[in-house]
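First comes the structure, then the notes that go with it.
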Amino acid sequence: YSKEFLFEYGSAQRRRLQMIESALRRFGKGTFGICSACGEEINPKRLQVVPWAQFCVSCQERAERGDLSEVRIA
């Protein structure tokens with residue numbers, strides 16, 4: 001159980017690091033704060049809570065349901 005827990009914890013931490021690095025790339029490109037799916041501005045309050053957010057709330061909900069088929073900005 002311990003090995004499995006540590007493996008999952010490490011995987012989650014790597015995923016979070018990848019999301020942060022992606023947000024930094026978007027910042028460098030000037031697209032930070034812009035939804036990667038619809039191109040609309042991500043609410044600044046959302047970015048305060050989840051600074052690596054790639055999607056606005058409605059597109060995030062769609063992505064979680066599996067309804068998001070296209071991402072505009074990488």
Side-chain angles (χ1 to χ4, degrees):
Y1 175 77
S2 296
K3 285 182 182 180
E4 188 174 323
F5 172 77
L6 290 174
F7 179 77
E8 289 299 321
Y9 180 77
S11 294
Q13 295 302 330
R14 276 191 300 283
R15 177 69 183 129
R16 180 169 291 176
L17 180 58
Q18 290 171 339
M19 291 186 295
I20 292 169
E21 289 172 340
S22 177
L24 290 172
R25 282 192 298 276
R26 290 191 307 275
F27 186 80
K29 291 180 185 178
T31 58
F32 179 80
I34 305 297
C35 178
S36 295
C38 70
E40 296 293 321
E41 182 179 351
I42 298 173
N43 187 314
K45 289 183 180 182
R46 173 167 168 72
L47 291 173
Q48 286 177 346
V49 176
V50 186
W52 53 81
Q54 181 178 3
F55 303 117
C56 65
V57 172
S58 62
C59 289
Q60 181 66 44
E61 290 171 349
R62 289 174 45 214
E64 290 173 3
R65 286 192 312 263
D67 295 339
L68 191 62
S69 61
E70 184 177 315
V71 175
R72 292 174 12 106
I73 305 165

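All values reported here derive from a predicted model rather than from experimental measurement.
The shortest non-hydrogen separation linking Ile34 to Gly39 is CG2-O, 3.3 Å. The two residues Arg46 and Val57 come nearest to each other via the heavy atoms CD-CG2, 3.6 Å. Closest heavy-atom contact between Ala37 and Leu68: CB-CD1, 3.6 Å.
Atom-to-atom distance recorded for Asn43:CG and Ser58:OG is 11.0 Å, nearest 0.5 angstrom. Taking CD of Gln60 as the reference point, atom CZ of Arg65 lies at 11.0 Å (rounded to 0.5 Å). Considering CG of Asp67 and CZ of Arg62, their distance stands at 7.0 Å, rounded to 0.5 Å. A distance of 12.0 Å separates CZ in Arg25 from CD1 in Ile20, rounded to the nearest 0.5 Å. To the nearest 0.5 Å, atoms CD (Glu41) and SG (Cys35) are separated by 11.5 Å.
For the pair Arg16 and Trp52, the minimum side-chain heavy-atom distance is below 4.5 Å. Side-chain contact between Cys56 and Glu40: absent, with no pair of heavy atoms (C-beta onward) separated by less than 4.5 Å. At least one side-chain heavy atom of Leu47 sits under 4.5 Å from a side-chain heavy atom of Phe32. Inter-residue side-chain proximity for Arg26 and Ser36 is flagged as met; some heavy-atom pair is nearer than 4.5 Å.
Under the 4.5 Å side-chain contact rule for hydrophobic residues, Leu24 and Val49 share a cluster. Val50 and Phe55 are not part of a single hydrophobic cluster, where members link through side-chain heavy atoms under 4.5 Å apart.
Counting heavy atoms of neighbouring residues, nucleotides and ligands inside a 6.0 Å radius, atom CD of Glu4 does not exceed 12 of them.
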